Amino acid sequence: MSDDEMDRTSSETATERNGTENGESASNPGSRADIDTDTVDAASEADADPDPASAVAPDRHESPGADGDRSDAGSEHGQRSPSADAQPRTQAQSQSQPSPQSQPDTTESDRTHGFSNLPDTELGGGGDEDDSNQGLFDDLLSGEPIFENKEVLRPSYTPHELPHRSDQINKMATILVAALRGETPSNILIYGKTGTGKTASAKFVSKELESTSQKYSVPCDVEYINCEVTDTQYRVLAQLANKFIEKNKARIDDRIESLDALRDRIETYENGEQTSISNRTDSSEGASPSGDSGSRPVEGTGYDSTNDPATDSVAGSPSTADDSQPQSTAHPLDSTEFDSIDAVETRIDSLEADKESFEEVPMTGWPTDRVYSVFFDAVDYDERVVVIMLDEIDKLVEKSGDDTLYNLSRMNSELENSRVSIIGISNDLKFTDFLDPRVKSSLGEEEIVFPPYDANQLRDILQHRSEVAFKDNALSSDVIPLCAAFAAQEHGDARRALDLLRTAGELAERAQAETVVEEHVRKAQDKIELDRVVEVVRTLPTQSKLVLFAIILLEKNGVHSINTGEVFNIYKRLCEEIDADVLTQRRVTDLISELDMLGIVNAVVVSKGRYGRTKEISLSVPIDETEAVLLSDSRLSDIDDIQPFVQARFEN
């Protein structure tokens, strides 16, 4: 073969190869995308290379031109050795690419939004600025916390176990177990001083009662009301009514949801029966008398094809022995009280009407008898046993009398579906002395007394709570005994002991100490012992201080059962001494009521028979400390000789 023919053959071969590559790229977009990606990568690598020769390589992937020169050029490039190509590119890149020190950092420029020339301090990037930008709480958060769960030491926490109260809890349980049998439990009155576990024990028993009632599907509801806050008959009845209305609506929604599901099952069942009858009819009409398989029905139901497995495979049903007999499914209404789907829909409409009929009671504005009627209807809507827990029940009796207790204790004689039981919790052992004899007899059917805790019992309580409240090894060995001893000195108040332990932990945490020690407990004791009443006295207005000063003078001179007139006489002399305006006796009576509300004095209205009613006043704060606070006032300190003013009581 001649040299011309060999060159022509080589050119045609290169042309065919390029055409083949273009054909593959057209038929396979993915490969073309790979080629384009390689081209982009190669271009990005060549951005820093000013040599145009480095950009020739990607051109060989372009579609070939009409003339053969480009094919020849591609062929020449294809014949060039890789080492020959790589060496010049490496040299060009090394000459044109800047050093790492001189190359700008585009990432940092983007991060600073182009302000790369600004100093680090202006951009907040300096390490020294981080220290100066520490917030108010950063230093406080730097220390390790001592508490694991501080809420365990709060009075509102109800523990899962109450040490040294098993006898009282078991007695309450034996009384309230009647509710789980559908019977009416006896009313219970719980007595005890503050911090003896009355409310915590009652809440614990009520929680167990509700969980057990759900376990055995016995309807039982427990409602808790703090009469220190809800202290009038209207508010108690309104709060109870709204709670039971909310529960009734929730139960109605559950019933409607279950009835809707039942209605859907009925419709599905009836539609399935109609489809089954239609299929059986079509199968019997389409069956061949001669047994020709060419005329088999499309859907085999099992009635005409018991021995032909091919029929089952055509029908799409499994070829089991059970399918050879007609299947009978129970109707969804068989196990219900309804006889038709219309009855179910009627019941749904009735429940929706009941839900719309419930009207929540506003906190004010209705007559009390209307509120009671709404509460009565809400309680009696369902068959259930209701336990109403009234904490601080003595406050309710003091504020609004015993009408509420009378109505609640007499409800069972009028209720048809539900039963009501009352649990009363009080710090005052004598509050029942002011009750109507009928209320007292029905309310105090069972009485449970909670005695104060001693030091050993308080130590067990604190140990039990501290295991959950504090981290490991956060308490020294003498902290819990000291807290228990301080609380037992007063009257065995577990709440006081828990407050003392929590405050000691807070003081240690604020000092960023790793362990609570005896010093923290003693500081907490001083902090709690700070007389809040003294702070209140110091901030009283001058006229109220004069009235309080008059009461102190009378008590210091042995006067008991102080009345308003005696206080007013001393008050007038004190006003004359310091040149203050004298208020009327009615206004002085109002000031005495304000002092009573603050807890500084105790003013009780007593009846004197035909002589009318008056207030008997006595101090509720230490006399010496209170007098010292009053005399620290610059105006009252001008009183030199206060002894003669006491004679004003006998002058009038």
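Just so we're clear, the structure is a prediction, and the values are computed from it rather than from any experiment.
In this structure, K572 does not pair ionically with E576, as no charged nitrogen and carboxylate oxygen lie closer than 4.0 Å. Here D436 pairs with R438 in a salt bridge; the nearest charged N to carboxylate O distance falls below 4.0 Å. Salt-bridge check for D493 with K193: failed, with every basic side-chain N at 4.0 Å or more from each acidic carboxylate O.
For D581, the CG atom counts as loosely surrounded, since its 6.0 Å shell holds 12 or fewer non-hydrogen atoms of other residues, nucleotides or ligands. Heavy atoms of other residues, nucleotides or ligands lying less than 6.0 angstrom from NZ of K249 number more than 12.
Across all non-hydrogen atoms, the minimal contact from G195 to R495 is N-NH1, 3.9 Å. Across D454 and A488, no two heavy atoms sit closer than the pair C-CB, 4.4 Å. The two atoms that bring I393 and G424 nearest to each other are CD1-CA, 4.0 Å, heavy atoms only. Pairing each heavy atom of I562 with each of I551, the nearest pair is CD1-O, 4.0 Å. Taking both residues in full, the closest heavy atoms of E594 and S544 are given as OE1-OG, 4.5 Å, listed atom of the first, atom of the second, then distance. In terms of heavy-atom proximity, H520 sits nearest to A513 at CE1-CB, 4.0 Å.
Remark: side-chain polar atoms of T503 are not paired, donor with acceptor, to backbone N or O of L500 under 3.5 angstrom. In this structure, the side chain of E228 does not engage the main chain of E392 through any donor-acceptor pair within 3.5 Å. The backbone N or O of D369 lies less than 3.5 Å from no partner atom in the side chain of S373, so there is not a single donor-acceptor pair. Panel note: side chain N563, backbone G565; a donor-acceptor pair is recorded below 3.5 Å. A donor-acceptor pair under 3.5 Å is formed between the side chain of S409 and the backbone N or O of Y406. Looking only at distances, no side-chain donor or acceptor of D402 sits under 3.5 Å from a matching main-chain atom of V397. N242 places a side-chain N or O within donor-acceptor distance of the main-chain N or O of A238, the cut-off being under 3.5 Å.
For the side chain to side chain contact (heavy atoms under 4.5 Å, CB included) test with I423, the passing option among V205, I190, I448 is I190; the others fail. Checked against D221 for a salt bridge (charged side-chain N to carboxylate O under 4.0 Å, His left out), the options R419, K243, R251 give a single hit: R251.
Taking OH from Y191 and CD from E447, the interatomic distance works out to 4.0 Å, rounded to the nearest 0.5 Å. We find the OG-CG distance between S618 and D596 to be 9.0 Å, quoted to the nearest 0.5 Å. L153 contributes atom CG, which lies 11.0 Å from atom OG of S156 (distance to the nearest 0.5 angstrom). The line from CD of E445 to CD1 of I175 is 9.5 Å long, rounded to the nearest 0.5 Å. Note that the CG atom of L619 and the CG atom of L548 stand 6.0 Å from one another [nearest 0.5 Å]. The CG atom of D231 sits 5.5 Å away from atom CZ of R235, with the distance rounded to the nearest 0.5 Å.
No side-chain heavy atom of V517 sits under 4.5 Å from any side-chain heavy atom of L475. Between F431 and L189 the shortest side-chain heavy-atom distance falls below 4.5 Å. Counting only heavy atoms from C-beta outward, the side chains of S421 and V386 never approach each other to under 4.5 Å. Residues I225 and L396 have side chains not in contact (no heavy-atom distance under 4.5 Å, counting atoms from C-beta outward). In this structure, Q489 and R496 have side chains that are not in contact, with every pair of non-hydrogen atoms separated by 4.5 Å or more. Between I623 and E555, the closest side-chain pair of non-hydrogen atoms falls below 4.5 Å. In this structure the side chain of K556 reaches within 4.5 angstrom of the side chain of E627, judged on heavy atoms. In this structure, V588 and I592 have side chains that are in contact, with non-hydrogen atoms separated by less than 4.5 Å.
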If you look only at distance, which donor and acceptor atoms sit under 3.5 Å apart when one is on a side chain in residues 460-469 and the other is two or more places apart or in another chain?
residue: D460; atom: OD2; partner: H164; partner atom: NE2; Å: 2.8
residue: R465; atom: NH1; partner: V152; partner atom: O; Å: 2.8
residue: S466; atom: OG; partner: L462; partner atom: O; Å: 3.0
residue: S466; atom: OG; partner: Q463; partner atom: O; Å: 3.0

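Partners of T589 according to the side-chain hydrogen bond (donor to acceptor under 3.5 Å, both in side chains) rule, which considers only residues two or more places apart in sequence or in another chain, do not exist here. Residues passing the ring-ring contact (aromatic ring centres under 6.0 Å, His included) test with F147, sequence neighbours excluded: F470. E356 meets the side-chain contact (heavy atoms from CB on, under 4.5 Å) test with no other residue; sequence neighbours excluded. F358 is linked by a ring-ring contact (aromatic ring centres under 6.0 Å, His included) to Y381, counting only residues two or more places apart in sequence or in another chain. Every residue two or more places apart in sequence or in another chain was checked for a ring-ring contact (aromatic ring centres under 6.0 Å, His included) with F568, and none qualifies.
A cation-pi arrangement is found for K203 relative to Y224, the charged atom lying closer than 6.0 Å to the ring centre and inside a 45° cone about the ring normal.
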Exercise for review: Please step through side chain to side chain contact (heavy atoms under 4.5 Å, CB included) for the pair F486 and R522, ending with a clear verdict.
Suggested key: CA-CA 9 Å; F486 278 141; R522 296 193 179 277; 3.7 Å; yes

Check your understanding: Run the side chain to side chain contact (heavy atoms under 4.5 Å, CB included) check on L390 and L408 step by step: do they pass?
Key -> CA-CA 11 Å; L390 300 176; L408 294 177; 4.2 Å; yes

Review point. Between R502 and E506, is a salt bridge (Lys or Arg N to Asp or Glu O under 4.0 Å) present by the stated rule, with each step listed?
Key: CA-CA 6 Å; R502 176 180 53 81; E506 290 175 349; 3.2 Å; yes

Practice item. Any chance you could lay out the side chain to side chain contact (heavy atoms under 4.5 Å, CB included) test for M172 and E446, step after step, and finish with the verdict? Key: CA-CA 9 Å; M172 277 191 284; E446 297 282 351; over 6 Å; no

Check your understanding: Going through the checks in order, is the side-chain hydrogen bond (donor to acceptor under 3.5 Å, both in side chains) test met by S426 and K395?
Key -> CA-CA 9 Å; S426 174; K395 303 296 182 182; over 6 Å; no

Practice item. Decide yes or no on side chain to side chain contact (heavy atoms under 4.5 Å, CB included) for Q168 and R165, but give the supporting numbers first. Key: CA-CA 6 Å; Q168 289 78 9; R165 284 294 176 256; 3.7 Å; yes

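Between the side chains of N427 and K198, at least one donor N or O sits under 3.5 Å from an acceptor N or O. Residues D478 and S476 bring a donor and an acceptor atom of their side chains to less than 3.5 Å of each other. Neither side chain, Y571 nor Q585, offers a donor N or O lying under 3.5 Å from an acceptor on the other. At a cut-off of 3.5 Å, with distance as the only test, a side-chain donor of T199 or D391 sits close to an acceptor on the other residue. No side-chain donor-acceptor contact under 3.5 Å links Q233 and S400.
The aromatic rings of H160 and Y157 stand perpendicular to each other, their planes meeting at an angle above 60°, with 30° marking the opposite boundary.
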